[in-house]
Amino acid sequence: MKDSLIYKLSRDGLDGGELIGKDILKIGELAKLAGVTNRTVDYYTNLGLLEFNRSESNYRYYSNTMVNRIKEIEQLKQEGMHLNEIKNKFTSHEVIDIQDLRLKINQLEHDIKHIAQSEDITEARSLAKKDLALIKALLLFIQN
């Protein structure tokens, strides 16, 4: 259904740059709504972080749900996650590895002790920010 809609939009000459529908966005429209550059959308697409469909004229069309996906990616980056970790979060359908979770919890406990003993406030903040990102990532992983 979506492919036929995209084909119809393309065939009718509606892929010339304007917003073509509330559910289908071209790269520039997606970038503008998400508050990023076209290059960022392209980069995230090439990494496999964003889903799209191609029209008959080879344009990439994105669902409006990708606006929230980009905003979530940007938020996770702000929290210290790397793009490969973010990709794993979006594509992971694995069973939770309890041993891996235990190792991450042990690392958090170690960092917390280090923060408590640290006199360097910058280092403590950096560790706390990294640990907060890890905790959030663990929670998201567990919830999914």
Side-chain angles (χ1 to χ4, degrees), residues 1-112 114-115 118 120-144:
M1 169 85 177
K2 186 183 272 189
D3 289 334
S4 63
L5 176 60
I6 289 173
Y7 175 71
K8 181 179 181 338
L9 291 170
S10 177
R11 188 176 44 111
D12 291 344
L14 296 176
D15 56 359
E18 70 276 0
L19 187 66
I20 61 170
K22 67 178 184 175
D23 293 332
I24 301 172
L25 305 169
K26 287 177 61 177
I27 189 170
E29 298 156 347
L30 175 61
K32 184 175 181 180
L33 290 171
V36 297
T37 64
N38 290 12
R39 188 171 181 186
T40 298
V41 173
D42 191 46
Y43 183 62
Y44 291 169
T45 301
N46 289 333
L47 288 175
L49 292 167
L50 301 176
E51 301 167 4
F52 66 94
N53 290 309
R54 286 221 182 257
S55 72
E56 291 292 313
S57 56
N58 209 30
Y59 283 98
R60 283 183 287 186
Y61 288 107
Y62 298 87
S63 162
N64 65 354
T65 61
M66 292 297 106
V67 174
N68 290 332
R69 168 74 61 96
I70 291 173
K71 289 180 180 181
E72 185 176 0
I73 292 168
E74 294 297 310
Q75 179 64 38
L76 292 169
K77 282 176 46 184
Q78 288 282 355
E79 294 170 2
M81 285 184 75
H82 297 282
L83 288 173
N84 60 344
E85 295 171 315
I86 295 169
K87 182 177 180 179
N88 288 339
K89 174 199 170 312
F90 290 141
T91 60
S92 178
H93 300 290
E94 302 171 17
V95 176
I96 296 174
D97 181 2
I98 300 299
Q99 185 62 27
D100 187 45
L101 289 177
R102 285 187 182 131
L103 288 172
K104 289 179 180 182
I105 289 169
N106 287 341
Q107 179 63 43
L108 288 171
E109 289 172 344
H110 170 29
D111 287 352
I112 289 168
H114 187 73
I115 289 169
S118 178
D120 182 358
I121 192 72
T122 305
E123 180 186 10
R125 283 184 183 155
S126 176
L127 280 173
K129 186 176 180 181
K130 180 187 84 166
D131 288 346
L132 178 61
L134 182 57
I135 290 167
K136 288 181 178 181
L138 286 170
L139 287 173
L140 286 171
F141 183 71
I142 291 169
Q143 289 171 350
N144 291 334

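- Here the straight-line distance linking atom CD1 of Ile73 with atom NZ of Lys87 works out to 11.0 Å at 0.5 Å rounding.
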>> Apply side chain to side chain donor-acceptor pair (under 3.5 Å) to residues Glu74 and Gln78 and explain how you reach the verdict.
In response: CA-CA 6 Å; Glu74 294 297 310; Gln78 288 282 355; 5.9 Å; no
Where do Tyr44 and Leu83 land on the side-chain contact (heavy atoms from CB on, under 4.5 Å) test, with the steps shown first? CA-CA 9 Å; Tyr44 291 169; Leu83 288 173; 3.9 Å; yes
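- Salt bridge status for Glu29 with Lys26: absent, with no side-chain N to carboxylate O gap under 4.0 Å.
- Side chain of Asn46 to backbone of Asp42: a donor-acceptor contact under 3.5 angstrom is found.
- Under 4.0 Å is where a charged nitrogen must lie from a carboxylate oxygen, and between Lys77 and Glu85 no such pair does.
- Taking 4.5 Å as the limit, some side-chain heavy atom of Leu25 sits within range of a side-chain heavy atom of Val67.
- Lys71 places no side-chain N or O within 3.5 Å of a backbone atom of Ala34 that could act as its donor or acceptor partner.
- Under a 3.5 Å cut-off, the side chain of Thr45 and the backbone N or O of Val41 do form a donor-acceptor pair.
- The only option from Ile70, Asn53, Leu33, Ile27 that meets the side chain to side chain contact (heavy atoms under 4.5 Å, CB included) definition with Tyr62 turns out to be Ile27.
- Judged by distance alone, the side chain of Ser63 and the main-chain N or O of Met66 form no donor-acceptor pair under 3.5 Å.
- Taking Lys32 as the reference, nothing meets the side chain to side chain donor-acceptor pair (under 3.5 Å) condition, with sequence neighbours excluded.
- For the atom pair CG of Leu50 and CZ of Arg60, the computed distance is 9.0 Å after rounding to the nearest 0.5 Å.
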